[in-house]
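Beneath this line is the structure, given in structure tokens, with notes to follow.
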Amino acid sequence: NNKKKVDDSKVLSDTDRFYSDLSAEKGMNASFLAMFDSSAVLLRANQMPIEGYAAIRESLMKESDSTFTLTWEPKFAKMAASGELGYTYGTYQITAKATDSIIEVGKYATIWQKQGDGKWKAILDTGNPGLGK
């Protein structure tokens, strides 16, 4: 196999940015539902881990995302030598739609898995506030 290897970290960073752009355009819930694998786990503050796509969907649908915009920016990406797993981490920002003011700034980490069709989906995601407003 003489195929030139793609820049691994760029693939993951680009994937991460794609879902952030989708969140800005269509909302956090739509972005998260597009981004998560069927076996994904979502870690959120003050909750037990939310395991599996159906449970993540149920949790997201309980809360409206219409009053804010969530965007994020990967600061680092790394892919395993196997080319099937990788992770990104970076910072996120939540902005109020009504006032365009920043509500929260924090950091996140996402673990990605390559799917059979070559696309990348999140299998574990977590974020926490604490970087100010």
Side-chain angles (χ1 to χ4, degrees):
N1 187 352
N2 293 332
K3 272 171 78 172
K4 186 174 182 284
K5 198 166 182 187
V6 179
D7 179 355
D8 301 323
S9 60
K10 185 170 180 350
V11 169
L12 291 175
S13 293
D14 288 350
T15 299
D16 210 3
R17 283 189 190 95
F18 170 82
Y19 288 112
S20 176
D21 291 346
L22 185 63
S23 180
E25 183 185 336
K26 303 218 173 187
M28 178 190 80
N29 291 351
S31 176
F32 278 16
L33 290 175
M35 155 178 140
F36 283 113
D37 176 73
S38 61
S39 64
V41 177
L42 178 58
L43 303 178
R44 294 183 125 182
N46 307 310
Q47 293 181 38
M48 290 296 289
I50 305 167
E51 300 171 331
Y53 187 86
I56 291 170
R57 185 180 194 288
E58 183 181 335
S59 175
L60 290 173
M61 291 302 117
K62 287 179 185 172
E63 300 173 39
S64 172
D65 61 359
S66 63
T67 62
F68 65 88
T69 302
L70 169 68
T71 55
W72 58 92
E73 176 62 28
K75 302 293 183 198
F76 183 83
K78 178 77 175 170
M79 190 182 296
S82 68
E84 295 175 11
L85 281 175
Y87 68 93
T88 52
Y89 69 80
T91 57
Y92 70 83
Q93 179 172 300
I94 300 174
T95 307
K97 285 187 178 180
T99 60
D100 206 32
S101 60
I102 296 170
I103 300 170
E104 179 179 297
V105 180
K107 53 249 176 244
Y108 74 91
T110 305
I111 300 174
W112 301 91
Q113 184 172 39
K114 193 172 192 177
Q115 307 294 292
D117 62 4
K119 293 181 180 170
W120 288 87
K121 294 279 187 172
I123 58 170
L124 188 131
D125 183 77
T126 187
N128 61 316
L131 298 181
K133 291 185 179 182

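Everything quoted here is computed from the prediction, not taken from an experiment. Atom set for the values below is all heavy atoms of this structure, side chains included, hydrogens, waters and symmetry mates excluded. By convention here, the first residue in the shown sequence is residue 1.
- Minimum interatomic distance between Leu43 and Pro49 (heavy atoms only, all atoms of both residues): CD2-CB, 3.6 Å.
- You'll find the side chain of Ser59 reaches within 4.5 Å of the side chain of Arg44, heavy atoms only.
- Residues Trp72 and Ser23 are in side-chain contact: their nearest non-hydrogen atoms beyond the backbone lie under 4.5 Å apart.
- Taking CG of Asn29 as the reference point, atom CG of Leu60 lies at 4.5 Å (rounded to 0.5 Å).
- Side-chain contact between Tyr19 and Lys121 is present, with at least one heavy-atom pair separated by less than 4.5 Å.
- Thr71 places a side-chain heavy atom less than 4.5 Å from the side chain of Gln93.
- Other residues, nucleotides and ligands contribute at most 12 non-hydrogen atoms within 6.0 Å of the NZ atom of Lys119.
- Remark: of the listed residues Leu12, Thr110, Thr88, Asp14, Leu12 is the sole one forming a side-chain contact (heavy atoms from CB on, under 4.5 Å) with Trp120.
- Counting only heavy atoms from C-beta outward, the side chains of Met79 and Leu85 never approach each other to under 4.5 Å.
- To the nearest 0.5 Å, the span separating CG on Asn128 from CD on Glu104 amounts to 9.0 Å.
- Shown here for Trp112 and Asp16, the closest heavy-atom pair between the two residues is CZ2-OD1, 3.5 Å.
- In this pair, Tyr87 and Tyr89 present their aromatic rings parallel. The plane angle is below 30°, not in the 30 to 60° band.
- Phe36 and Val41 are not part of a single hydrophobic cluster, where members link through side-chain heavy atoms under 4.5 Å apart.
- The main-chain N or O of Met61 is never found under 3.5 Å from a side-chain atom of Glu63 such that the two would form a donor-acceptor pair.
- Under the 4.5 Å side-chain heavy-atom criterion for ILVMFWY residues, no single connected hydrophobic cluster contains both Leu22 and Ile123.
- Linking ILVMFWY residues whenever their side-chain heavy atoms come closer than 4.5 Å, directly or via other members, leaves Leu124 and Leu42 in distinct clusters.
- Rounding to the nearest 0.5 Å places NZ of Lys26 at 13.0 Å from CG of Leu33.
- Within the 3.5 Å criterion, the main-chain N or O of Tyr92 finds no donor-acceptor partner in the side chain of Lys107.
- A distance of 13.5 Å separates CZ of Phe68 from OG of Ser101, quoted to the nearest 0.5 Å.
- How far OG of Ser13 is from NZ of Lys75: 11.0 Å, rounded to the nearest 0.5 Å.
- Closest approach of Arg17 and Pro74 over heavy atoms only: CG-CD, 3.8 Å.
- The environment of CG in Asp117 is crowded: more than 12 heavy-atom neighbours from other residues, nucleotides or ligands sit within 6.0 Å.
- The structure places CD1 of Ile94 at 11.0 Å from CG of Asp65, a figure rounded to the nearest 0.5 Å.
- Side-chain contact between Asp125 and Met35 is present, with heavy atoms from C-beta onward closer than 4.5 Å.
- Side-chain contact check for Phe32 versus Leu70: some heavy-atom pair is nearer than 4.5 Å.
- Using a 4.5 Å heavy-atom threshold, the side chains of Tyr108 and Thr91 count as separate.
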